[in-house]
Amino acid sequence: SLVPAPGTPRRDFVAGIPSVASRGVGATGMLVEMRGFLSNPDGSVNTASDTGWRSVGYFTDTIPQVASAGIPNLIALSGNARGKSKEEGLENCALGLKRIMALAEKHRVTICVELLNSKVNHRDYMADSTKWCVELVHQVGSPRVKVLYDIYHAGMMKEDVLADIKNHADCWGHYHT
């Protein structure tokens with residue numbers, strides 16, 4: 001287990017963790033992770049029948065490390081649809097997240113799936129609506145999966161931001177403004 005020396009700033013300690021050293025840790029202690037549950041960094045697509053999802057392996061390795069560094073949250077991305085329907089994408093993301101929930105719960109690390117717009121900045125992104133993200137949280141059914149509700153991206157998708165924040169407060173793990 002990694003243990004920081006007394007007085008070591010979080011940023012300095014995290015810089016020494018091999019699997020997270022190249023990623024940014026924000027002021028809120030969230031590790032920014034650019035891995036999706038629908039598609040891999042090389043563009044290959046995960047399906048419900050895949051057993052070796054690279055994202056699952058990454059999170060399995062990283063969750064204990066960030067927990068020992070005192071980082072409470074990991075940001076995850078749904079990935080791009082690449083021809084999948086919203087329903088199939090939701091099923092696949094829920095399956096992928098369920099594969100890491102026991103570990104996240106054990107280490108008290110919350111996986112925050114980021115809502116991004118698919119109209120301007122992230123074409124083809126799956127988790128682009130409040131409805132889809134809220135349903136994902138409910139399907140996974142763990143207190144360790146939440147949504148990073150990005151107000152800019154929600155606005156770009158014409159979401160009712162104030163109503164969404166109020167009506168689905170139990171689903172939000174973090175807000176970006």
Side-chain angles (χ1 to χ4, degrees), residues 26 28-40 45-51 53-60 62-64 66-67 71-119 121-177:
T28 58
M30 296 188 80
L31 179 68
V32 179
E33 177 43 50
M34 302 307 288
R35 293 181 188 247
F37 281 97
L38 287 177
S39 54
N40 294 304
V45 178
N46 293 317
T47 65
S49 63
D50 287 339
T51 57
W53 291 6
R54 283 172 265 169
S55 294
V56 171
Y58 170 81
F59 282 106
T60 300
T62 304
I63 287 170
V66 299
I71 300 171
N73 302 306
L74 286 171
I75 299 173
L77 303 178
S78 66
N80 290 341
R82 300 187 194 276
K84 286 183 174 22
S85 69
K86 288 289 189 183
E87 295 76 22
E88 184 181 5
L90 185 63
E91 177 186 2
N92 289 356
C93 284
L95 287 171
L97 287 166
K98 285 177 181 180
R99 291 179 182 180
I100 62 170
M101 277 306 102
L103 189 63
E105 290 168 0
K106 175 184 173 185
H107 289 283
R108 303 181 51 82
V109 171
T110 301
I111 308 301
C112 295
V113 178
E114 188 165 9
L115 184 157
L116 297 173
N117 81 75
S118 61
K119 290 184 177 180
N121 306 105
H122 304 279
R123 298 226 183 259
D124 199 40
Y125 187 71
M126 183 62 73
D128 66 353
S129 73
T130 297
K131 180 181 176 182
W132 193 95
C133 292
V134 166
E135 184 58 30
L136 177 65
V137 169
H138 291 152
Q139 281 195 22
V140 175
S142 168
R144 292 294 167 190
V145 67
K146 299 287 184 183
V147 175
L148 188 162
Y149 191 81
D150 192 303
I151 294 169
Y152 163 78
H153 290 288
M156 293 299 292
M157 295 302 293
K158 307 290 188 218
E159 299 284 330
D160 187 344
V161 173
L162 295 178
D164 289 346
I165 289 171
K166 179 182 174 187
N167 295 335
H168 306 290
D170 61 318
C171 295
W172 312 139
H174 187 75
Y175 301 96
H176 275 180
T177 57

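Values reported hereafter were calculated over all heavy atoms of this structure, with side chains retained and with hydrogens, waters and symmetry mates removed. Quick note: residue numbers are just sequence positions, from 1.
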Pair Asn73, His174 - check side-chain contact (heavy atoms from CB on, under 4.5 Å), show working. CA-CA 9 Å; Asn73 302 306; His174 187 75; 5.6 Å; no

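With rounding to the nearest 0.5 Å, the separation of OG1 in Thr60 from CZ in Arg99 is 10.5 Å. Atoms CD and OG1, on Glu159 and Thr130 in that order, are 3.5 Å from each other to the nearest 0.5 Å. Rounded to the nearest 0.5 Å, atoms CD1 (Ile71) and OG1 (Thr110) are 13.0 Å apart. To the nearest 0.5 Å, the span separating CH2 on Trp132 from SG on Cys93 amounts to 3.5 Å. Rounding to the nearest 0.5 angstrom, the gap separating the CD1 atom in Ile63 from the CD atom in Glu105 is 10.0 Å. To the nearest 0.5 angstrom, Ser85 atom OG is 4.5 Å from Glu87 atom CD.
The closest donor-acceptor contact from the side chain of Arg123 to the backbone of Lys119 lies under 3.5 Å.
Across Lys146 and Asp170, no two heavy atoms sit closer than the pair NZ-O, 2.6 Å. Contact record, Ile75 with Phe59: O-CZ, 4.4 Å, taken as the closest heavy-atom pair. Between Ser78 and Met126, the closest heavy-atom pair is OG-CB, 3.4 Å. Contact between Ser129 and Leu115 at its shortest, heavy atoms only, is C-CD1, 3.7 Å. Summarising the geometry of Asn92 relative to Lys84, their closest heavy-atom pair is ND2-CE, 3.0 Å, with the distance given to 0.1 Å. A pairwise comparison of heavy atoms in His122 and Leu116 identifies CD2-CB, 3.8 Å as the closest pair.
Under the side-chain hydrogen bond (donor to acceptor under 3.5 Å, both in side chains) criterion, Asn167 pairs with no residue at all, not counting sequence neighbours. Scanning for ring-ring contact (aromatic ring centres under 6.0 Å, His included) contacts around Tyr125 gives an empty result, with sequence neighbours left out. For His168, the ring-ring contact (aromatic ring centres under 6.0 Å, His included) test picks out no residue, with sequence neighbours left out. Legend: residues meeting side chain to side chain contact (heavy atoms under 4.5 Å, CB included) with Gln139, ordered by chain and number and at least two apart, are Leu90, Ala94, Glu135. Annotation: salt bridge (Lys or Arg N to Asp or Glu O under 4.0 Å) contacts of Lys86 (sequence neighbours excluded): Asp128.
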For residues 149-158, dump all side-chain donor-acceptor pairs below 3.5 Å to protein atoms at least two apart in sequence or in another chain.
from   : atom 1 : to     : atom 2 : distance (Å)
Tyr149 : OH     : Asp164 : OD2    : 3.1
Asp150 : OD1    : Tyr152 : N      : 3.1
Asp150 : OD1    : His153 : N      : 3.2
Asp150 : OD2    : His176 : ND1    : 3.4
Tyr152 : OH     : Asn121 : OD1    : 2.9
His153 : ND1    : Asn117 : N      : 3.1
His153 : ND1    : Asn117 : ND2    : 2.8

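The shortest distance between side-chain heavy atoms of His138 and Cys171 falls below 4.5 Å.
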